[in-house]
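Down below is the structure, laid out as structure tokens.
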Amino acid sequence: MDFDDTPDEAAWRTRVRAFLEQSRPDPDDPRGWQAALYEAGFVGVAWPVEAGGRGGTLMQQAIVDQEMARLGLPALINLIGIGMCGPTVIMHGSADQKSRYLQRLLRADDLWCQLFSEPEAGSDLAALRTRAVREPGGGWRITGQKVWTTLAHLADYGILLTRTDPGVPKHRGLTMFVVDMSAPGVTVRPLRQMNGDAHFNEVFFDDVAIPDSERLGEPGDGWRVALTTLMSERLSLGGGGTGIGPKPEAVARHVAAHLGALSADRQALARQQLGRGYVAALGARYTGYRQLSRISRGELPGPEASAGKLSGTRSARDLTDLAVRVLGEDARVAGDIWQNAQAVLPGMAIAGGSDQVLRNIIGERVLGLPAEPRADKGVTFRESIG
Amino acid sequence: MDFDDTPDEAAWRTRVRAFLEQSRPDPDDPRGWQAALYEAGFVGVAWPVEAGGRGGTLMQQAIVDQEMARLGLPALINLIGIGMCGPTVIMHGSADQKSRYLQRLLRADDLWCQLFSEPEAGSDLAALRTRAVREPGGGWRITGQKVWTTLAHLADYGILLTRTDPGVPKHRGLTMFVVDMSAPGVTVRPLRQMNGDAHFNEVFFDDVAIPDSERLGEPGDGWRVALTTLMSERLSLGGGGTGIGPKPEAVARHVAAHLGALSADRQALARQQLGRGYVAALGARYTGYRQLSRISRGELPGPEASAGKLSGTRSARDLTDLAVRVLGEDARVAGDIWQNAQAVLPGMAIAGGSDQVLRNIIGERVLGLPAEPRADKGVTFRESIG
Amino acid sequence: MNFDLDTEHLDLAAAAREFLSASASPAAARAALDGGAAVRPGREELVKSGFATITWPDSGGSVLHLAVVAEQAGRVLAGPSLVTYARAAVLLDGDEERLAGIADGSLAVAVVDDDGPVLDAAGATTFLALRDGALVCGPGEVTVRAPIDATRGLGDVALGETTVLVPDAAARWRRADRVGRTILAAEGLGAAACLLDMGVAYAGQRQAFGRAIGSYQAVKHMLVDVYVEVEQLRSLVWWAAWAADHAPGELPLAAAAAKAAAATTLEHAAETAIQVHGGAGFTWEHDAHLYWRRAKVDRFLLGDDTAAFDEVARLAMGAAS
Amino acid sequence: MNFDLDTEHLDLAAAAREFLSASASPAAARAALDGGAAVRPGREELVKSGFATITWPDSGGSVLHLAVVAEQAGRVLAGPSLVTYARAAVLLDGDEERLAGIADGSLAVAVVDDDGPVLDAAGATTFLALRDGALVCGPGEVTVRAPIDATRGLGDVALGETTVLVPDAAARWRRADRVGRTILAAEGLGAAACLLDMGVAYAGQRQAFGRAIGSYQAVKHMLVDVYVEVEQLRSLVWWAAWAADHAPGELPLAAAAAKAAAATTLEHAAETAIQVHGGAGFTWEHDAHLYWRRAKVDRFLLGDDTAAFDEVARLAMGAAS
């Protein structure tokens, strides 16, 4: 057991660090920042060479991510594209699609978004209603609404999961497409979250035409294609959900700065709350290192990787609550970063798989507990919506 | 709104109190104590006169219970009989059964127990396997095992739920009997709990004969009969589960006595824990008063009466945990009453309806949330056990 | 024993609900937060309705009556808080002129607790405070602070020249504080009950995997836990209000317990409601976060939940020894 | 990065499991509790196996090796605790004679922490303690106390005449304490993991309402929450053991975090296992309560969970500022 890089990893880290330390990203040009990193060989590290990538390892990619986080450098603008859309095109796209899209995606020539969730299809994604109807000429017409779409307002393309056959059970009537976000009939509307920010969008499709050449995978095979996307998401998250909420060190620093203003009793209570949150955060962090070790050995992360998200939403909540409490009288009003952090957390327990869904997945796929009987099994989608 | 007795209730309370204050129960003669109370008119207060009761109100009974608790008098030995078995005989027994059993039960001439749960039928009571087979002569033969039977080692009679028809869905093939606990083939074995005490028993039936005249209700109607029993249990519990665990006042007294030995930090933490448990206990107590008020108006308690048990198991756990913690170094070893209290609590969350089952009941019957699909619906018992 | 609302209380609740739900709403709370729209129903309408001054000497109302109204106010996130009126009635007891001024709308008061932002400071012109054991009254400079929940009208107050109204007012101040905590808890009860209703309604209707999400134990049991807390909070609020009216010796414990339970219950109810609503629950346009904001502010008003739990423990140990 | 057990550790775990599950068991723990039967495997067998003295200078084992063994010891509620040996190895570092005495079974030690009952005092003849900054050693009078968990051998110790072994031993004592906490956490990990296994196995097999109870979300999610905690505890135990061997600067935080997490995780795992098992779970004959007893004792050993959380917070704030 050790926490050290292998010699290969260490050499890679040195190279990455040398480049990153001298880089000066322009905050107003996120595409340029990604393009520069791509040219240096640090984007799509684990993608195949023929997809525009470097043919490297997941661990090499993780080292790039670590070093960027360590230096506080801005994240890549095309995160969704690299983590979810690109891998889906790699797995299911035609040669033509691959050549048109993948390298441009890595270089941030095109930004991508992922159009899966709908108002009536959240945890139960396969219940989605956006319809794709085949036209006599072989193309498709899309009508429906997507929601929670990160980056849709900037994206050039999206991968779009649609229902093409309501007459079969819901998982079987889906088809995936690449959609041009500038196509006529596509409307993007920002969606404000409870903290007032608009990180997500609603996207409306009003009779949008998509040529059949933009289909990803076979008609009716959309669920299997979507699973690739979701699996890639898990891969790209790595670190076991330790990215949720504030860094425990930041909370400790903030609490330490305010502790002196509290009564001795309040200090004792604050230390208990900090200790509990901190231990949970450390537990998640070191469990993340175990997952990283598996990646370093070339294994893929399994469903247990979701465990960190479950505990992470909890400890992030408790630590942020403490951070707000130590503000004392100012905790009653807004204006502090911790107040805003607090208003982001309720969404964390839902986005990327609700706590309830994750518990089902871990219970069934890790602990081997039996699944619940499925009420919608074998029912066609048309029947299921009454 | 007031917490006062009505004039009638006040008069009754005065009478009860006058009697109880001069009574000197012999701890070695619990039957005698109940008999004395019965003769004074304070047992089976709300039972009909023809059943040996006083034809009074549930509130009058509640006042007797309150006054007995206030004076710290011993509970009635035949608690299960009065609360559960008797009401079942009243509702479903023959005239002959009523005349033979009810008055003797109230007077503690006979002690009763309730034989429902089985090793393979806990929360899912209707899955019970104890078989009753009809004999050519019309009588029945019983074979099987019951468990968690309070007082079985002392009881003269029991109400016994059996399966008489495994060829129909499980709720429909049950039949209830009165069983003579001294009949040949009945074996009672005490069951030790995790704290080392033996409050419960296992009861084995090995080809025990029961005459058909001891049937309670029609053959196959046992589930409906059992629901009467369980409904009566809820009635007899009253007070919303506030009887679970230690009295919060006792914990406060204990903590106050030990607080001085703790550091200032520990005192602050202890006060937080005490405050949280105490507020929960008060919330349950005053919610119990609302239920009592409904009883005082002549209404029956509904499924919401179980809410107190849910919060009661929680607050009892937290308060008892605190009581142990303030023992300091002695908390590592046994010998204190709080250590024993702690070892009783895990059972509290299960006995009398597990927390999970109670949450289902409140969710469905109080909040009106939809039930889960039942996997065992319409399946015969024989099929269900494979 | 009759620990339940009487017909009179139920009628009052219905009337208050009618008035308040016509004049205030989560939408109004959102508008106040978003564009600085006026808090609804606002001081003028509130005193005109008579509900705010129900504990005034001649109104014949009790603290329990006000608690019944406050629950309805909490349901629709009404502002200003009835806490301010509840405390003013106690603090200004005997001061008919000022009480009349509040009742006719000519006097806009707020009660200053500590050095932090003051409840209902926004729009207030006259401030009541405890200075060296005396109840004082005077004008003040208000700096409204960026709100978490705009309906609470929190602002920093720089008191101007004050007049002593009652020289030895510590006991009066404490009683006002406890009655205020009771009414704050009643508003919290209304807000929490409304969140529970929202969650139950959504869980009964929203489908996932072929059935309503409320049929899943994970969702059902979350809501049941909130239900249990809400009903127990209701009992504590009634007890505290009853004690304020009839049993002053029980008021300290009852008010502290109600305050503490309201803080934790409302927070729990809000977080559960957001969770049950899934993605929709954390959007700006959904009402849940407006109640969540109320929870995040109210827990710190009139002493925070930590202080209230501490007080409960001290009182419990004091009574026990 | 290779934050995982190597083949060598896995082989060691398998060997330890084989030895310990043959020599100790929950049944033995029950017998010790019930009729005062000897704790198993007991000092003699334990030192003979070599596992207890794996961190002795010549054994070539690390704290991580001992942690791997301790997890297996925790699974079967073995006694005496490997904590005692872990601490002795640090405290007696350089004292070859005494270390040899422990290893050959002629010396039965316990480490005295404070004025309370001492871990593994039962059967011990030689006691190590810190007195005025010096490590002292001597005989003692043991009064065995009524056990919650008999395998912990807790008893009050009245020290006799002591000899100073190391005059300025504060740092050594602290390191021993931290290594001890790490091994205590490893034993807790094994116990918690075993409880989780019991719960999962029962939930997968026990039927209610026509299906396995583990298919119900209420039961499933309870077990998942324990699983998450157990895996995170495992990570903290490994980290602390690795730090003891390779990064002394990280040991204070890692050991306190592991100790705290072990206390809460084991308690949570035990209460969940009992709950999942329904009626059977709180009977004397079921194993669950023996682990529950371990949880109730261990949380107070080598400083309690409250002290460990406090220490984590102080260290975290110290590092941050």
Side-chain angles (χ1 to χ4, degrees), chain B residues 1-6 9 59 62 248-257 259 268 270-280 282-290 292-297 304 306-308 310-311 355-356 358-364 366-373, chain C residues 1-6 9 62 64 196 199-200 203-204 210-217 219-225 227-229 231-236 238-239 241-242 245-247 253-254 256-258 260-261 264-265 305-306 308-321:
Chain B
M1 180 182 293
D2 61 66
F3 290 88
D4 304 332
D5 289 332
T6 65
E9 289 166 3
M59 193 62 197
E249 286 83 356
V251 177
R253 205 175 306 123
H254 168 76
V255 172
L259 206 67
R271 284 197 306 272
Q272 280 299 301
Q273 195 173 349
L274 177 60
R276 284 175 188 273
Y278 211 87
V279 167
L282 288 174
R285 178 179 297 171
Y286 281 86
T287 304
Y289 291 157
R290 285 165 60 197
L292 214 52
S293 302
R294 244 165 282 155
I295 291 175
S296 170
R297 288 198 302 267
E304 73 283 355
S306 307
L310 280 180
S311 74
D355 285 0
Q356 288 71 37
L358 293 180
R359 286 196 179 92
N360 278 348
I361 291 173
I362 294 177
E364 288 159 26
V366 180
L367 298 183
L369 291 168
E372 284 191 284
Chain C
M1 176 171 302
N2 174 29
F3 185 49
D4 211 341
L5 297 184
D6 302 330
H9 301 123
S62 64
L64 180 58
L196 176 62
V200 168
R211 51 185 169 113
I213 61 170
S215 69
Y216 293 97
Q217 289 188 343
V219 173
K220 184 180 290 175
H221 293 186
M222 267 200 295
L223 289 166
V224 167
D225 288 347
Y227 161 80
V228 171
E229 281 185 43
E231 285 310 308
Q232 296 193 345
L233 171 59
R234 184 183 305 282
S235 307
L236 292 174
W238 289 358
W239 174 38
W242 173 86
D245 293 328
H246 299 290
L253 180 60
T264 52
T265 301
D305 44 356
T306 307
F309 282 122
D310 193 86
E311 189 176 341
V312 167
R314 288 179 190 272
L315 291 166
M317 288 191 290
S321 61

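Naming: A, B, ... by sequence-line order, numbering from 1 per chain.
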Exercise. Taking it one step at a time, do C:Phe3 and C:Trp242 satisfy ring-ring contact (aromatic ring centres under 6.0 Å, His included)?
Worked result: CA-CA 9 Å; C:Phe3 185 49; C:Trp242 173 86; 7.8 Å; no

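Side-chain atoms of C:Lys220 come within 3.5 Å of backbone N or O of B:Pro370 as a donor-acceptor pair. For the pair B:Ser296 (side chain) and B:Leu292 (backbone), a donor-acceptor distance under 3.5 Å is absent. Judged purely by atom type and a 3.5 angstrom limit, C:Arg234 has no side-chain atom pairing as donor or acceptor with the backbone of C:Glu229. The main-chain N or O of C:Arg211 is never found under 3.5 Å from a side-chain atom of C:Ser215 such that the two would form a donor-acceptor pair. Although no hydrogens or angles enter the test, the distance criterion places a donor-acceptor pair under 3.5 Å between the side chain of C:Asp245 and the main chain of C:Leu64.
The part of B:Glu9 that comes within reach of chain C is its side chain, from C-beta onward, which places non-hydrogen atoms under 4.5 angstrom from that chain. When heavy atoms are compared at a cutoff of 4.5 Å, B:Glu304 approaches chain C by way of both its backbone and its side chain. Of the two parts of C:Leu253, only the side chain, counted from C-beta on, holds a non-hydrogen atom closer than 4.5 Å to a non-hydrogen atom of chain B. Only the side chain of B:Val366 comes within less than 4.5 Å of a heavy atom of chain C; its backbone N, CA, C and O stay farther away. In this structure, chain C has heavy atoms under 4.5 Å from both the backbone and the side chain of B:Asn360. With a threshold of 4.5 angstrom between heavy atoms, B:Leu358 does not approach chain C through any atom at all. Residue contact with chain C, scored on non-hydrogen atoms closer than 4.5 Å, is absent for B:Ala250.
With chain C as partner, the option from B:Gln272, B:Glu249, B:Glu364, B:His254 having the largest number of non-hydrogen pairs under 4.5 angstrom is B:Gln272. Interface remark: of the candidates B:Glu372, B:Arg290, B:Arg294, B:Arg290 forms the most heavy-atom pairs closer than 4.5 Å to chain C. The most heavy-atom pairs under 4.5 Å with chain B, out of C:Leu196, C:Thr264, C:Asp6, C:Thr306, come from C:Thr306. Looking only at heavy-atom pairs under 4.5 Å with chain C, the residue among B:Asp2, B:Leu274, B:Ile362 that has the most is B:Asp2.
Nearest heavy-atom pair across C:Gly214 and C:Val219 is CA-CG1, 4.1 Å.
The aromatic rings of C:Trp239 and B:Tyr286 sit parallel, their planes meeting at an angle under 30°, below the 60° perpendicular limit.
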